Amino acid sequence: MNDDKLFARIAPLFDVGLLSHTRVLIAGCGSGGSQVALQLAMAGICKFSLFDADVLEAENVIRHACGLRYLGQLKVDALADTLLDRNPAIEVDRHNVDLMDCNDLSAHIRRSTVVVLATDNDPTRYRLNQLCVEAKIGFVVGRVFTRGIGGEVFSYRPGE
């Protein structure tokens with residue numbers, strides 16, 4: 001199937017090709033990161049680097065972009081398969097690695113257009129924040145407070 005058919009309904013709304021060369025690094029492929037990646041893929045983003053060290057478990061499924069058939073699979077593999085199911089032209093780099101132990105994380109960030117920081121712990125957020133600021137790469141971070149009583153989103157744009 002070609003891109004013309006895949007994006008036929010949204011092409012009149014905005015230039016889908018405008019985003020096709022954007023490389024998005026998704027740090028954390030859980031419920032938040034998977035949903036953001038899926039929406040970006042449906043908007044025309046074609047290049048992803050996925051980072052997560054976890055496996056999809058039953059308690060993840062109700063909020064995750066990937067369903068029951070992915071139980072027991074690495075989150076990066078399950079999400080890559082879901083993205084490719086939406087658009088087979090997508091390029092996906094999968095990194096089943098703990099972000100705190102990833103020695104070449106800075107290089108991956110420098111190759112990215114933007115970073116989606118969707119981890120569930122402060123040490124990884126702080127590390128990615130620091131690496132993005134040093135590399136002058138924009139990032140967005142979002143999180144939901146315990147029990148879903150609220151949340152926050154922050155975006156960093158170098159030079160602004």
Side-chain angles (χ1 to χ4, degrees), residues 6-7 16 19-135 137-148 150-157:
L6 282 177
F7 294 101
V16 176
L19 302 174
S20 65
H21 298 293
T22 301
R23 175 170 291 281
V24 179
L25 187 150
I26 304 286
C29 297
S31 58
S34 69
Q35 296 290 349
V36 170
L38 182 57
Q39 294 301 312
L40 291 173
M42 292 188 308
I45 302 290
C46 291
K47 297 177 183 173
F48 291 89
S49 293
L50 307 178
F51 284 79
D52 202 305
D54 290 337
V55 169
L56 193 69
E57 297 178 356
E59 60 269 15
N60 304 131
V61 171
I62 202 68
R63 299 170 309 165
H64 205 277
C66 302
L68 289 169
R69 71 183 178 135
Y70 294 103
L71 284 179
Q73 290 187 29
L74 297 173
K75 287 182 180 177
V76 292
D77 290 340
L79 181 54
D81 189 59
T82 299
L83 298 178
L84 289 164
D85 184 53
R86 292 297 172 111
N87 183 356
I90 287 176
E91 298 173 23
V92 185
D93 299 330
R94 306 166 198 199
H95 305 273
N96 180 39
V97 62
D98 183 323
L99 288 163
M100 296 304 288
D101 297 328
C102 183
N103 294 327
D104 59 349
L105 185 57
S106 180
H108 288 287
I109 288 171
R110 285 191 307 273
R111 285 193 295 272
S112 301
T113 309
V114 66
V115 173
V116 174
L117 215 164
T119 62
D120 62 358
N121 63 79
D122 287 336
T124 55
R125 289 186 192 120
Y126 296 145
R127 181 171 189 221
L128 278 126
N129 180 328
Q130 179 181 356
L131 293 173
C132 288
V133 170
E134 288 172 358
I137 299 295
F139 71 88
V140 62
V141 59
R143 68 182 194 173
V144 176
F145 300 146
T146 303
R147 299 186 192 165
E152 62 188 7
V153 175
F154 173 79
S155 141
Y156 167 73
R157 295 177 178 176

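What's counted below: heavy atoms across the whole structure, side chains too, no hydrogens, waters or symmetry copies. Residue numbers run from 1 in the order of the sequence given. Since the structure is predicted, the reported quantities are computational estimates derived from the model, not experimental observations.
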For the student: nearest non-hydrogen atoms of [X] and [Y], plus distance:
{"X": "Asp101", "Y": "Arg127", "answer": "N-NH1, 4.2 Å"}
{"X": "Gly28", "Y": "Ala118", "answer": "O-CB, 3.6 Å"}
{"X": "Phe139", "Y": "Cys132", "answer": "CD2-CB, 3.5 Å"}
{"X": "Leu38", "Y": "Ala65", "answer": "CD2-CB, 4.0 Å"}
{"X": "Cys46", "Y": "Asn87", "answer": "SG-ND2, 4.1 Å"}
{"X": "Leu56", "Y": "Gly67", "answer": "CD2-O, 3.8 Å"}

From [atom1] ([X]) to [atom2] ([Y]), nearest 0.5 Å:
{"X": "Ile137", "Y": "Ile109", "atom1": "CD1", "atom2": "CD1", "answer": "8.5 Å"}
{"X": "Asp54", "Y": "Leu74", "atom1": "CG", "atom2": "CG", "answer": "9.5 Å"}
{"X": "Gln73", "Y": "Asn96", "atom1": "CD", "atom2": "CG", "answer": "12.0 Å"}
{"X": "Lys75", "Y": "Ser31", "atom1": "NZ", "atom2": "OG", "answer": "7.5 Å"}

ask   = Quick one: which of Ile26, Leu128, Val141 gives a side-chain contact (heavy atoms from CB on, under 4.5 Å) with Val116?
value =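 The single option meeting the side-chain contact (heavy atoms from CB on, under 4.5 Å) with Val116 is Ile26.
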message = Against Phe48, only a single residue in Thr22, Leu25, Ile90 fulfils side-chain contact (heavy atoms from CB on, under 4.5 Å); can you say which?
response =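 Of the listed options, the one satisfying the test is Ile90.
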request  = Go through the side-chain N and O atoms of Gln39 and Gln35 and say whether any donor and acceptor fall under 3.5 Å apart.
outcome  =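 Absent: no donor and acceptor within the cut-off.
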inquiry  = Just by distance, no angles: are the side chains of Asp85 and Thr82 close enough, under 3.5 Å, to form a donor-acceptor pair?
reply    =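 Their side chains do not contain a donor-acceptor pair, so the 3.5 Å distance test is not met.
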message = Using only atom types and a distance under 3.5 Å, with no angle test, would you say the side chain of Thr113 pairs donor to acceptor with the backbone of Arg23?
response =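 Yes; at least one donor-acceptor contact below 3.5 Å.
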ask   = Is the backbone of Cys29 close enough, under 3.5 Å, to the side chain of Asp52 for a donor and an acceptor to pair up by distance?
value =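 Such a contact is found between Asp52 side chain and Cys29 backbone.
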message = Quick check on the 6.0 Å ring-centre criterion: do His64 and Tyr70 meet it?
response =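 No, ring centres 6.0 Å or more apart.
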task = Quick one: sort the His108 and Phe51 rings into parallel, tilted or perpendicular, breaks at 30° and 60°.
result =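 It falls in the perpendicular class, over 60°.
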ask   = Is it true that Arg86 and Asp81 have a side-chain N and a carboxylate O under 4.0 angstrom from each other?
value =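 Asp81 and Arg86: not salt-bridged.
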message = Among residues at least two apart in sequence or on other chains, which ones pass salt bridge (Lys or Arg N to Asp or Glu O under 4.0 Å) with Arg63?
response =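 Arg63: no salt bridge (Lys or Arg N to Asp or Glu O under 4.0 Å) contacts found.
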task = Just jot down the salt bridge (Lys or Arg N to Asp or Glu O under 4.0 Å) partners of Arg94, sequence neighbours excluded, or say none.
result =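 Salt bridge (Lys or Arg N to Asp or Glu O under 4.0 Å) list for Arg94, sorted by chain: Asp77.
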message = With a 6.0 Å cut-off (strictly less than), is the heavy-atom count around CG of Asp104, excluding the residue itself, greater than 12?
response =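 Atom CG in Asp104 is packed in, count exceeds 12.
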query = Less than 4.5 Å apart, any side-chain heavy atom of Val61 and any of Leu71?
reply =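 Yes, close enough: below the 4.5 Å cut-off.
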